[in-house]
Undergrad: 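Let me begin by handing over the structure; questions about it come next.
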There are 2 protein chains.
Amino acid sequence: MLGRNTEVPSCSSNVVHEEVVARVREEMPLEETLYDLAELFKVFGDTTRVKILYALFAAEMCVCDIAALLNMSQSAISHQLRILKQARLVKFRRQGRVVYYSLDDEHVKQIFDQGLTHINELT
Amino acid sequence: MLGRNTEVPSCSSNVVHEEVVARVREEMPLEETLYDLAELFKVFGDTTRVKILYALFAAEMCVCDIAALLNMSQSAISHQLRILKQARLVKFRRQGRVVYYSLDDEHVKQIFDQGLTHINELT
DNA sequence: ATGACATATGAATAGTTGTTCATATGAACA
DNA sequence: TGTTCATATGAACAACTATTCATATGTCAT
């Protein structure tokens, strides 16, 4: 007998703390859920899209307005709006040649506010 | 690289709603704030990092544990932990050769919950 | 019909990112 | 001391992404 080595951490073998890993594994959400969550945040992880969403917090706007506001090309804005549309974050209505975009989710503001709270806590 | 565009990206002079754009422009947060916010969400926009954070919701874990839990290489986990560290989302303590990571922010859970709420609302 | 105009979209490209591989660091132990 | 083990890290590479450019779609006016 070499003493109680059963709980000695060893990484190269397999797992350091097997009980912890086993317990955490059970508490983990479904793989698909985590994937979807990451995909959602990926949408928020671009300055242009964040800007567009903040703009839509304030007012319904057409593509042209947004492009002017952000000083970017109509094409760039349209591409990003497509991504926001696919994520069901914005909706749109057509009025003649103009397409007006607006928010389609009431949680985005809260998510952003929580994000800002984290940022503001950094010294 | 950027902005060799002397042309104003307005669609055509009259169609832009100047009043709306002007008002929204005043309500927009600082450029830097929006950039920081996007950077934060970029951190959340990766499945591996989301998984790590969810694991740390449940327990403090060492690098080895996390790698075993997620069935990924130690190196990959370590690289991702560095990003989470830089974003001040996780903290660590050293105990001998083992480094234990844990959450360093109480808002992440709320942000994730809001994200899940959005996802679950999609039909 | 034709032209003007707002928006959408495919292709190309430059920039970014996550993982792997190899190696370095740092701590415990013989 | 040298070895072992947990972690960190730089370089390389493949995969992905945001913008631009060119063009298509769709609507209104003439």
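First the proteins, then the strands, lettered A, B, ... as listed; each starts at 1.
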Undergrad: Regarding dT7(C), can its base be found pairing with the side chain of S75(A) as donor and acceptor, where the two atoms are less than 3.5 Å apart?
TA: no
Undergrad: Through what angle, rounded to 10 degrees, does the axis of the helix from dA1(C)-dT30(D) to dA30(C)-dT1(D) turn between its ends, using five pairs per end?
TA: 10°
Undergrad: Could you tell me how far apart D65(A) (CG) and dA6(C) (P) are, to the nearest whole angstrom?
TA: 11 Å
Undergrad: For H79(B), enumerate each residue passing the side chain to side chain donor-acceptor pair (under 3.5 Å) test, keeping only those at least two apart in sequence or located in another chain.
TA: none
Undergrad: Is a donor-acceptor contact shorter than 3.5 angstrom present between the side chain of S73(A) and the base of dC21(D)?
TA: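 Not at all, since no donor on one side and acceptor on the other fall under 3.5 Å apart.
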Undergrad: Classify the nucleic acid contact of Y101(A) as base, sugar-phosphate or nothing, counting any heavy atom under 4.0 Å across all strands shown.
TA: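 Sugar-phosphate: the residue Y101(A), judged by heavy atoms under 4.0 Å, touches backbone atoms but no base.
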Undergrad: Could you tell me how far apart I77(A) (CD1) and dA8(C) (P) are, to the nearest whole angstrom?
TA: 11 Å
Undergrad: Residues in salt bridge (charged side-chain N to carboxylate O under 4.0 Å, His left out) with K109(A), at least two apart?
TA: D113(A)
Undergrad: Roughly how many Å is it from NZ in K51(A) to C1' in dT19(D), rounded to a whole number?
TA: 13 Å
Undergrad: Below 3.5 Å, can you tabulate the donor-acceptor pairs from side chains in residues 45-52 of chain B to any protein atom, sequence neighbours excluded?
TA:
| from | atom 1 | to | atom 2 | distance (Å) |
| --- | --- | --- | --- | --- |
| D46(B) | OD2 | T48(B) | N | 3.1 |
| D46(B) | OD2 | R49(B) | N | 3.2 |
| R49(B) | NE | V43(B) | O | 2.7 |
| R49(B) | NH1 | Q80(B) | OE1 | 2.7 |
| R49(B) | NH2 | K42(B) | O | 3.2 |
| K51(B) | NZ | E31(A) | OE1 | 3.3 |
| K51(B) | NZ | E31(A) | OE2 | 3.0 |

Undergrad: Hey, do the aromatic rings of H17(B) and Y100(A) have their centres closer than 6.0 Å?
TA: yes
Undergrad: Rounded off to whole Å, could you give me the CG-to-P distance for the L84(B) and dA8(D) pair?
TA: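 Result: 12 Å.
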Undergrad: What is the distance from CZ of F92(B) to P of dA27(C), rounded to the nearest Å?
TA: 12 Å
Undergrad: Going by the rule side chain to side chain contact (heavy atoms under 4.5 Å, CB included), which residues pair with R97(B) if we only count those two or more places apart in sequence or in a different chain?
TA: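 Checked R97(B) against side chain to side chain contact (heavy atoms under 4.5 Å, CB included); zero matches.
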Undergrad: Go through the structure and list residues passing side chain to side chain contact (heavy atoms under 4.5 Å, CB included) with Q110(B), not counting sequence neighbours.
TA: Q114(A)
Undergrad: At under 4.0 Å between heavy atoms, how does the protein contact nucleotides 23-30 of chain D? Give one character per nucleotide, 5' to 3', with B, S or -.
TA: ---BBB--
Undergrad: Only counting residues at least two apart or in another chain, list the ones meeting ring pair (Phe, Tyr, Trp, His ring centres under 6.0 Å) with Y54(B).
TA: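 Only F57(B), F112(B) meet the ring pair (Phe, Tyr, Trp, His ring centres under 6.0 Å) criterion with Y54(B).
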Undergrad: Please name all residues satisfying salt bridge (charged side-chain N to carboxylate O under 4.0 Å, His left out) with R25(A), sequence neighbours left out, ordered by chain then number.
TA: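 R25(A) satisfies salt bridge (charged side-chain N to carboxylate O under 4.0 Å, His left out) with no residue once adjacent residues are dropped.
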Undergrad: Could you please name the option among dT19(D), dT19(C), dT7(C) that lies closest to any side-chain atom of M72(B)?
TA: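 In terms of side-chain proximity for M72(B), the closest of dT19(D), dT19(C), dT7(C) is dT19(C).
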Undergrad: dT19(C) base stacked by H79(B)? Criteria: ring centres under 5.5 Å, plane angle under 30°.
TA: no
Undergrad: In whole angstrom, give the distance that lies between atom CD1 of I83(A) and atom P of dA8(C).
TA: 13 Å
Undergrad: Keeping to residues at least two apart or across chains, list the salt bridge (Lys or Arg N to Asp or Glu O under 4.0 Å) pairs with something in residues 53-62 of chain A.
TA: E60(A)-R93(A)
Undergrad: Expected output is a numbered-order residue list: members of residues 31-50 of chain B with a heavy atom under 4.0 Å from any atom of DNA chain C. What is it?
TA: K42(B), D46(B), T48(B), R49(B)
Undergrad: Please report the distance, rounded to the nearest Å, between CD in Q80(A) and C1' in dA18(D).
TA: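 These atoms are roughly 6 Å apart.
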Undergrad: Do T33(B) and I119(A) come within less than 4.5 Å of each other through their side chains, counting heavy atoms only?
TA: no
Undergrad: Nearest-Å distance, CG (L70(A)) to P (dT19(D))?
TA: 10 Å
Undergrad: Considering residues at least two apart in sequence or located in another chain, which fulfil the side chain to side chain contact (heavy atoms under 4.5 Å, CB included) criterion with E26(B)?
TA: none
